[in-house]
Amino acid sequence: MEYAERIKTLPPYLFAELDKKKQQLKQRGVDLIDLSIGDPDLETPQPIVEKMCEELQNPINHHYPDYEGLFELRETVALWYERRFGVSLDPSREVMALIGSKEGIAHFPLAFVNPGDYVLVPDPGYPVYRASTILAEGIPYFMPLKEENAFLPALRDIPSEIAKRAKLMFLNYPNNPTGATASRKFFREVVVFAKDYNLIVAHDLAYSELYFDDPPPSFLALEGAKEIGIEFHSLSKTFRMTGWRIGFAVGNGDLIQGLGKVKTNVDSGVFCAIQRTALWALQGNVDEEVRKWQMILKRRRDLMVNGLKELGFNPFVPQATFYLWLKVPEGYTSVSFANKLLEVGIVVTPGSGFGQNGEGYIRIALTVSEDRLKEALNRLKNLRF
Ligand SMILES: *Cc1c(COP(=O)(O)O)cnc(C)c1O
């Protein structure tokens, strides 16, 4: 069977070989410490599960949902945005429920990118920005995220011929995979750049609540940002609800309505019981659980950063997310170093899987217990590089 061209141009799955090795080691009974998983290890907080059980019993939740999300959810999101970020949103036009933020990110370019339009995509980055661009037959232009620029794209390095032909820029701070955060100053530069070149800015804020000190800002809080911006959010990481599939998009009304036009033709919204549970969580009913989760991640980060430093590594210290982005030792590539770590049963993600500029790095996910992180550090001590 012949695939369509747009499918053929999707990048190949880079981790196939590593996955195979991981499976082989597992079958041999090796005790693997898997630091490659971008999914919280701890369960969804119990109060959320109990609320869901209650909603499940209510027949009003058993029918087709509205594609744009329950009005109560959109209202709650608007209130949360005001409280958390100081951004005012109109729940009737500027908020939309998503079946996880990945769904919204994947559909968004279909609404705004014409074949041949450039899309500015961070590299390294979450693979969906590139894939959704290709599915809309746009052309990804990769913006390198370099350590010397604190993993922010250097806007002045984007050729103006490209910027002029670009329709959309994706950004993601706090960042997967680097763990970097962005300042309001950087966002201000983005607003100016986007207005100069008539660009839409799509900001992925999935990790906004997994911070350790200062709460990361919303792009939309910058003056003028709502004229050009959309922000994608998720309950997956904040509330450890990855399997539940709920997120939301907020921002410019025309951008939200364009995304909605695609979605009305593709899906039928999020299960209402999940929406009602999600809005209850966003009302602050599990804030204590979120604080505990932040503290657990901060302890894991400190443990791993300090342990790696003692071993002579120099990890970028993230202020948010559950990732550590680590330069590989001299003489290794991302993949060869990941393979080296497999020798002692440690699984990490090669940075090259997130784009060319991820080469020379690995991503460590802090999604295992402190005991397992200590065990990983012990195993590293016995490795010779
Ligand atoms: C995990 C993650 C998401 C969230 O995806 P959901 O579909 O909401 O579960 C979005 N963006 C990035 C960068 C992520 O790492």
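Scope of the values below: all heavy atoms of this structure, side chains included, with no hydrogens, waters or symmetry mates. First listed ligand is number 1; within each ligand, the first listed atom is number 1.
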Looking only at protein heavy atoms, which one is nearest to [atom], and how far off is it?
atom: atom 2 (C) of ligand 1; value: Lys237 NZ, 2.5 Å
atom: atom 9 (O) of ligand 1; value: Ser236 OG, 2.6 Å
atom: atom 7 (O) of ligand 1; value: Arg245 NH2, 2.6 Å
atom: atom 15 (O) of ligand 1; value: Tyr207 OH, 2.7 Å
atom: atom 10 (C) of ligand 1; value: Ser101 OG, 3.3 Å

Checklist line | Check: Phe232 ring centroid to Phe248 ring centroid under 6.0 Å | finding: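 Not under 6.0 Å, so no.
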Note to self: Looking at Asp41 and Arg300, is any side-chain nitrogen of the basic one under 4.0 Å from a carboxylate oxygen of the acidic one?
What the structure shows: yes
For the pair [X] (side chain) and [Y] (backbone), establish whether a donor and an acceptor sit closer than 3.5 Å, ignoring hydrogens and angles.
X: Asn252; Y: Ile230; answer: no
X: Asn114; Y: Gly116; answer: no
X: Lys167; Y: Phe112; answer: yes
X: His107; Y: Val262; answer: no

Next item on the list: Check each atom of ligand 1 against the heavy atoms of Ala206 and keep those under 4.0 Å away; list them by number with element.
Entry: 3 (C), 10 (C), 11 (N)
Check: Short list, please: which atoms of ligand 1 are under 4.0 Å from a heavy atom of Gly100?
Finding: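 By the 4.0 Å cutoff, the relevant atoms are 7 (O), 8 (O).
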Note to self: Does ligand 1 come near enough to Asp204 that some N or O of the ligand is less than 3.5 Å from an N or O of the residue?
What the structure shows: yes
Next item on the list: For Thr242 and Asp39, run side-chain hydrogen bond (donor to acceptor under 3.5 Å, both in side chains): C-alpha distance rounded to whole Å, both residues' side-chain angles, the deciding distance at 0.1 Å, then the answer.
Entry: CA-CA 7 Å; Thr242 46; Asp39 187 345; 2.8 Å; yes
Check: Does Asn172 approach ligand 1 within less than 4.0 angstrom via side chain, backbone, both or neither, non-hydrogen atoms only?
Finding: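 It is the side chain that touches ligand 1; the backbone stays farther off.
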